Amino acid sequence: MINEYGIVGAFIVGLMGAAHCVGMCAGIVGALSSQQDTRPITGLAQRKPNMPFAKQLSLVLNYNLGRISSYTLAGAMVGGFASGLGTLFNIDAYLLFLRVLAGFMMIATGLYIAQFWAGVMQIEHIGKFVWRWLAPMAQKFIPVETPRQAIAAGLLWGWLPCGLVYSTLTWSVAANSALEGGLIMLAFGLGTLPALLSMGMAATQLSFWVQKKSVRKFSGIILILFGTQTLYIALAQYLH
(Lines give C-alpha, C1' and ligand atoms only; values in the text may rest on other atoms or scores of the structure.)
Protein backbone atom coordinates (compact mmCIF):
# COMPACT_ATOMS: atom_id res chain seq x y z
CA MET A 1 0.00 0.00 0.00
CA ILE A 2 1.16 3.50 -0.78
CA ASN A 3 0.75 4.67 2.82
CA GLU A 4 3.35 2.15 4.02
CA TYR A 5 6.11 3.84 2.08
CA GLY A 6 4.74 7.13 0.82
CA ILE A 7 5.18 9.14 4.02
CA VAL A 8 8.77 8.02 4.64
CA GLY A 9 9.61 8.35 0.96
CA ALA A 10 8.09 11.82 0.77
CA PHE A 11 10.18 12.96 3.73
CA ILE A 12 13.34 11.62 2.06
CA VAL A 13 12.48 13.45 -1.18
CA GLY A 14 11.94 16.70 0.70
CA LEU A 15 15.17 16.33 2.66
CA MET A 16 17.38 15.33 -0.26
CA GLY A 17 15.72 17.63 -2.81
CA ALA A 18 15.68 20.75 -0.65
CA ALA A 19 18.61 22.30 -2.52
CA HIS A 20 16.54 22.19 -5.70
CA CYS A 21 13.55 23.81 -3.99
CA VAL A 22 15.67 26.50 -2.30
CA GLY A 23 17.21 27.37 -5.63
CA MET A 24 13.80 27.81 -7.23
CA CYS A 25 12.40 29.93 -4.39
CA ALA A 26 15.49 32.11 -4.21
CA GLY A 27 15.40 32.67 -7.96
CA ILE A 28 11.80 33.83 -8.10
CA VAL A 29 12.18 36.06 -5.04
CA GLY A 30 15.37 37.57 -6.42
CA ALA A 31 13.60 38.32 -9.71
CA LEU A 32 10.57 39.87 -8.02
CA SER A 33 12.67 42.07 -5.74
CA SER A 34 15.40 43.03 -8.20
CA GLN A 35 14.44 46.72 -8.13
CA GLN A 36 15.10 46.96 -4.40
CA ASP A 37 18.22 46.63 -2.31
CA THR A 38 17.31 43.17 -1.11
CA ARG A 39 18.75 39.72 -1.03
CA PRO A 40 16.85 36.41 -0.95
CA ILE A 41 16.84 34.46 2.28
CA THR A 42 15.10 31.08 2.56
CA GLY A 43 12.25 32.16 0.29
CA LEU A 44 11.90 35.70 1.71
CA ALA A 45 13.38 39.08 0.82
CA GLN A 46 15.46 40.58 3.62
CA ARG A 47 15.16 44.32 3.12
CA LYS A 48 17.39 45.45 5.98
CA PRO A 49 20.64 43.75 7.00
CA ASN A 50 19.94 44.75 10.63
CA MET A 51 16.46 43.24 10.77
CA PRO A 52 15.94 41.86 14.31
CA PHE A 53 16.54 38.13 14.44
CA ALA A 54 13.18 37.49 16.13
CA LYS A 55 11.31 39.21 13.31
CA GLN A 56 13.37 37.47 10.67
CA LEU A 57 12.73 34.09 12.28
CA SER A 58 9.01 34.85 12.53
CA LEU A 59 8.81 35.66 8.83
CA VAL A 60 10.75 32.55 7.85
CA LEU A 61 8.62 30.28 10.04
CA ASN A 62 5.35 31.75 8.80
CA TYR A 63 6.50 31.57 5.19
CA ASN A 64 7.26 27.88 5.61
CA LEU A 65 3.97 27.35 7.44
CA GLY A 66 2.15 28.72 4.40
CA ARG A 67 4.30 26.75 1.97
CA ILE A 68 3.83 23.42 3.75
CA SER A 69 0.11 24.13 4.19
CA SER A 70 -0.21 24.50 0.43
CA TYR A 71 1.53 21.15 -0.09
CA THR A 72 -0.73 19.46 2.47
CA LEU A 73 -3.84 20.99 0.94
CA ALA A 74 -2.82 19.86 -2.54
CA GLY A 75 -2.17 16.33 -1.29
CA ALA A 76 -5.53 16.17 0.47
CA MET A 77 -7.31 17.52 -2.62
CA VAL A 78 -5.85 15.02 -5.09
CA GLY A 79 -6.14 12.14 -2.62
CA GLY A 80 -9.77 13.00 -1.89
CA PHE A 81 -10.53 13.47 -5.58
CA ALA A 82 -9.10 10.04 -6.40
CA SER A 83 -11.10 8.49 -3.57
CA GLY A 84 -14.28 10.15 -4.78
CA LEU A 85 -13.82 8.88 -8.32
CA GLY A 86 -13.10 5.39 -7.07
CA THR A 87 -16.27 5.38 -4.96
CA LEU A 88 -18.38 6.86 -7.73
CA PHE A 89 -17.33 4.45 -10.45
CA ASN A 90 -16.11 1.52 -8.33
CA ILE A 91 -13.41 0.62 -10.83
CA ASP A 92 -10.65 -1.58 -9.40
CA ALA A 93 -8.46 -1.01 -12.44
CA TYR A 94 -8.52 2.72 -11.69
CA LEU A 95 -6.77 2.32 -8.33
CA LEU A 96 -4.41 -0.24 -9.82
CA PHE A 97 -3.35 2.29 -12.46
CA LEU A 98 -2.74 4.95 -9.81
CA ARG A 99 -0.55 2.62 -7.77
CA VAL A 100 1.46 1.65 -10.84
CA LEU A 101 1.89 5.35 -11.67
CA ALA A 102 3.00 6.08 -8.10
CA GLY A 103 5.47 3.21 -8.22
CA PHE A 104 7.07 4.45 -11.42
CA MET A 105 7.21 8.02 -10.10
CA MET A 106 8.89 6.81 -6.91
CA ILE A 107 11.50 5.04 -9.02
CA ALA A 108 11.99 8.09 -11.27
CA THR A 109 12.37 10.34 -8.22
CA GLY A 110 14.84 7.91 -6.69
CA LEU A 111 16.88 8.01 -9.90
CA TYR A 112 16.91 11.81 -9.67
CA ILE A 113 17.92 11.88 -6.01
CA ALA A 114 20.72 9.39 -6.71
CA GLN A 115 21.77 11.53 -9.70
CA PHE A 116 21.32 8.68 -12.16
CA TRP A 117 18.62 10.32 -14.28
CA ALA A 118 16.89 13.72 -14.11
CA GLY A 119 13.94 13.00 -16.37
CA VAL A 120 11.42 13.56 -13.56
CA MET A 121 12.23 17.28 -13.67
CA GLN A 122 10.52 17.51 -17.06
CA ILE A 123 7.12 17.45 -15.39
CA GLU A 124 7.82 20.95 -14.02
CA HIS A 125 6.55 22.24 -17.38
CA ILE A 126 3.05 21.10 -16.40
CA GLY A 127 2.71 23.73 -13.69
CA LYS A 128 4.12 26.69 -15.60
CA PHE A 129 0.69 27.59 -16.94
CA VAL A 130 -0.76 27.78 -13.42
CA TRP A 131 2.22 29.76 -12.14
CA ARG A 132 1.76 32.41 -14.82
CA TRP A 133 -1.60 33.13 -13.21
CA LEU A 134 -0.33 33.01 -9.62
CA ALA A 135 2.94 34.92 -10.12
CA PRO A 136 1.31 38.39 -10.28
CA MET A 137 -0.41 37.70 -6.94
CA ALA A 138 2.84 36.49 -5.40
CA GLN A 139 4.55 39.68 -6.51
CA LYS A 140 2.20 41.74 -4.35
CA PHE A 141 3.72 40.25 -1.20
CA ILE A 142 7.25 41.41 -2.05
CA PRO A 143 8.86 42.60 0.13
CA VAL A 144 7.46 40.53 2.97
CA GLU A 145 6.92 42.70 6.04
CA THR A 146 4.48 40.89 8.34
CA PRO A 147 3.77 37.31 9.43
CA ARG A 148 0.44 37.41 7.56
CA GLN A 149 2.23 38.41 4.37
CA ALA A 150 4.74 35.63 4.96
CA ILE A 151 1.99 33.00 5.31
CA ALA A 152 0.21 34.28 2.20
CA ALA A 153 3.47 34.30 0.25
CA GLY A 154 4.20 30.73 1.33
CA LEU A 155 0.71 29.60 0.34
CA LEU A 156 1.26 31.00 -3.15
CA TRP A 157 4.88 29.95 -3.65
CA GLY A 158 3.96 26.44 -2.59
CA TRP A 159 2.42 26.15 -6.07
CA LEU A 160 5.67 27.10 -7.82
CA PRO A 161 6.33 24.50 -10.55
CA CYS A 162 8.57 21.84 -9.00
CA GLY A 163 9.17 18.37 -10.38
CA LEU A 164 9.70 16.92 -6.91
CA VAL A 165 6.39 18.32 -5.65
CA TYR A 166 4.48 17.00 -8.65
CA SER A 167 6.13 13.61 -8.41
CA THR A 168 5.22 13.29 -4.74
CA LEU A 169 1.66 14.41 -5.51
CA THR A 170 1.22 11.28 -7.63
CA TRP A 171 1.77 9.28 -4.44
CA SER A 172 -1.01 11.29 -2.81
CA VAL A 173 -3.31 10.44 -5.71
CA ALA A 174 -2.51 6.74 -5.37
CA ALA A 175 -3.14 6.92 -1.61
CA ASN A 176 -6.82 7.17 -2.57
CA SER A 177 -7.56 9.12 0.61
CA ALA A 178 -7.68 12.82 1.47
CA LEU A 179 -6.09 12.16 4.88
CA GLU A 180 -3.26 9.98 3.61
CA GLY A 181 -2.70 12.24 0.60
CA GLY A 182 -2.37 15.24 2.89
CA LEU A 183 -0.01 13.39 5.24
CA ILE A 184 2.28 12.41 2.36
CA MET A 185 2.64 16.02 1.23
CA LEU A 186 3.01 17.19 4.84
CA ALA A 187 5.92 14.78 5.21
CA PHE A 188 7.47 16.14 2.02
CA GLY A 189 7.19 19.70 3.30
CA LEU A 190 8.68 18.80 6.67
CA GLY A 191 11.57 17.14 4.86
CA THR A 192 12.47 20.45 3.21
CA LEU A 193 12.45 22.36 6.51
CA PRO A 194 16.00 21.62 7.72
CA ALA A 195 17.60 23.23 4.68
CA LEU A 196 15.11 26.08 4.40
CA LEU A 197 15.42 27.04 8.06
CA SER A 198 19.18 26.67 8.28
CA MET A 199 21.39 29.71 7.89
CA GLY A 200 25.10 30.45 7.77
CA MET A 201 27.46 27.60 8.62
CA ALA A 202 24.61 25.22 9.46
CA ALA A 203 23.17 25.64 5.96
CA THR A 204 26.61 25.10 4.43
CA GLN A 205 27.17 21.90 6.40
CA LEU A 206 23.69 20.57 5.66
CA SER A 207 24.07 21.35 1.96
CA PHE A 208 27.41 19.55 1.94
CA TRP A 209 25.86 16.50 3.62
CA VAL A 210 22.85 16.12 1.33
CA GLN A 211 25.02 16.62 -1.75
CA LYS A 212 27.41 13.82 -0.82
CA LYS A 213 27.25 11.16 -3.52
CA SER A 214 27.04 8.32 -1.03
CA VAL A 215 24.11 9.92 0.84
CA ARG A 216 22.23 10.75 -2.35
CA LYS A 217 22.76 7.30 -3.83
CA PHE A 218 21.65 5.58 -0.63
CA SER A 219 18.52 7.76 -0.38
CA GLY A 220 17.77 7.29 -4.08
CA ILE A 221 18.09 3.52 -3.82
CA ILE A 222 15.69 3.52 -0.85
CA LEU A 223 13.12 5.36 -2.96
CA ILE A 224 13.68 2.99 -5.88
CA LEU A 225 13.05 0.05 -3.55
CA PHE A 226 9.87 1.73 -2.25
CA GLY A 227 8.71 2.19 -5.83
CA THR A 228 9.53 -1.38 -6.75
CA GLN A 229 7.60 -2.66 -3.73
CA THR A 230 4.63 -0.48 -4.71
CA LEU A 231 4.69 -1.99 -8.22
CA TYR A 232 4.95 -5.49 -6.76
CA ILE A 233 1.89 -4.94 -4.56
CA ALA A 234 -0.08 -3.53 -7.50
CA LEU A 235 0.88 -6.53 -9.65
CA ALA A 236 -0.02 -8.98 -6.89
CA GLN A 237 -3.44 -7.36 -6.51
CA TYR A 238 -3.97 -7.56 -10.27
CA LEU A 239 -3.08 -11.27 -10.39
CA HIS A 240 -5.42 -12.06 -7.51
Side-chain angles (χ1 to χ4, degrees), residues 2 5-28 31 43 67-68 70-82 85 94-135 138 154-176 180-192 195-196 210 216 219-231 234:
I2 184 69
Y5 309 102
I7 293 177
V8 176
F11 183 82
I12 292 175
V13 172
L15 182 65
M16 303 306 299
H20 172 76
C21 297
V22 168
M24 294 187 68
C25 287
I28 188 66
R67 181 179 59 83
I68 294 175
S70 71
Y71 295 158
T72 305
L73 175 61
M77 287 173 58
V78 298
F81 181 73
L85 285 181
Y94 167 72
L95 185 57
L96 174 65
F97 169 77
L98 292 180
R99 286 177 177 160
V100 169
L101 174 63
F104 278 119
M105 291 305 295
M106 277 188 181
I107 293 172
T109 306
L111 292 172
Y112 170 76
I113 295 297
Q115 298 181 325
F116 292 142
W117 181 64
V120 73
M121 289 297 102
Q122 296 302 314
I123 64 176
E124 286 184 359
H125 298 294
I126 298 174
K128 289 184 177 179
F129 301 102
V130 177
W131 184 246
R132 289 176 184 173
W133 179 67
L134 291 176
L155 284 169
L156 289 171
W157 282 327
W159 299 92
L160 184 70
C162 175
L164 296 181
V165 172
Y166 295 160
S167 174
T168 311
L169 270 176
T170 65
W171 311 355
S172 294
V173 175
N176 199 38
E180 292 181 13
L183 288 175
I184 287 172
M185 292 308 297
L186 174 61
F188 170 81
L190 292 177
T192 66
L196 289 171
V210 299
R216 294 189 67 88
S219 301
I221 290 172
I222 292 296
L223 288 175
I224 292 171
L225 291 176
F226 284 174
T228 302
Q229 178 69 5
T230 300
L231 291 176

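On a predicted model such as this, the values are computed, not experimentally measured, just so you know. If you read the sequence from its start, that first residue is 1, and numbering goes on from there.
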Heavy atoms only: give me the nearest [X]-[Y] pair and the separation to one decimal.
{"X": "Arg99", "Y": "Ala234", "value": "CB-CB, 4.1 Å"}
{"X": "Gly17", "Y": "Ile113", "value": "N-CD1, 4.1 Å"}
{"X": "Val78", "Y": "Ser172", "value": "CG2-CB, 3.7 Å"}
{"X": "Trp159", "Y": "Ala74", "value": "CH2-CB, 3.7 Å"}
{"X": "Met16", "Y": "Arg216", "value": "O-NH1, 3.2 Å"}
{"X": "Met121", "Y": "Tyr112", "value": "CG-CE1, 3.7 Å"}

Requested in this report: Would you please test Phe188 and Leu164 for side chain to side chain contact (heavy atoms under 4.5 Å, CB included) and show each step?
Outcome: CA-CA 9 Å; Phe188 170 81; Leu164 296 181; 4.2 Å; yes
Query raised in the report: So do the side chains of Leu101 and Val173 get within less than 4.5 Å of each other, counting heavy atoms only?
Result: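 Leu101 vs Val173: side chains apart.
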Query raised in the report: Is the closest side-chain heavy-atom distance between Leu111 and Val120 below 4.5 Å?
Result: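 When only atoms from C-beta onward are counted, Val120 and Leu111 do not touch, as no gap falls below 4.5 Å.
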Return the [atom1] to [atom2] distance between [X] and [Y], rounded to the nearest 0.5 Å.
{"X": "Glu180", "Y": "Ile7", "atom1": "CD", "atom2": "CD1", "value": "7.0 Å"}
{"X": "Met105", "Y": "Leu169", "atom1": "CE", "atom2": "CG", "value": "10.0 Å"}
{"X": "Trp157", "Y": "Cys162", "atom1": "CH2", "atom2": "SG", "value": "15.5 Å"}
{"X": "Thr168", "Y": "Tyr71", "atom1": "OG1", "atom2": "OH", "value": "9.5 Å"}

Taking side-chain contact (heavy atoms from CB on, under 4.5 Å) as the definition, give me every residue that meets it alongside [X], ordered by chain and number, with sequence neighbours left out.
{"X": "Leu231", "value": "Val100, Phe104, Ile107"}
{"X": "Ile221", "value": "Leu225"}
{"X": "Leu155", "value": "Ser69, Ser70, Ile151"}
{"X": "Leu186", "value": "Ile68, Thr72, Leu183, Leu190"}

Query raised in the report: Got a sec, which residues hit side chain to side chain donor-acceptor pair (under 3.5 Å) with Thr109, two or more places apart in sequence or on another chain?
Result: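 Thr109 satisfies side chain to side chain donor-acceptor pair (under 3.5 Å) with Ser167 once adjacent residues are dropped.
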Query raised in the report: Between Thr230 and Trp171, is a side chain to side chain contact (heavy atoms under 4.5 Å, CB included) present by the stated rule, with each step listed?
Result: CA-CA 10 Å; Thr230 300; Trp171 311 355; over 6 Å; no
Query - Full working for side chain to side chain contact (heavy atoms under 4.5 Å, CB included) between Thr192 and Arg67 - result: CA-CA 10 Å; Thr192 66; Arg67 181 179 59 83; 2.9 Å; yes
Report task. Let me see the working for Thr170 and Tyr166 under side chain to side chain contact (heavy atoms under 4.5 Å, CB included), right down to the final yes or no. Result -> CA-CA 7 Å; Thr170 65; Tyr166 295 160; over 6 Å; no
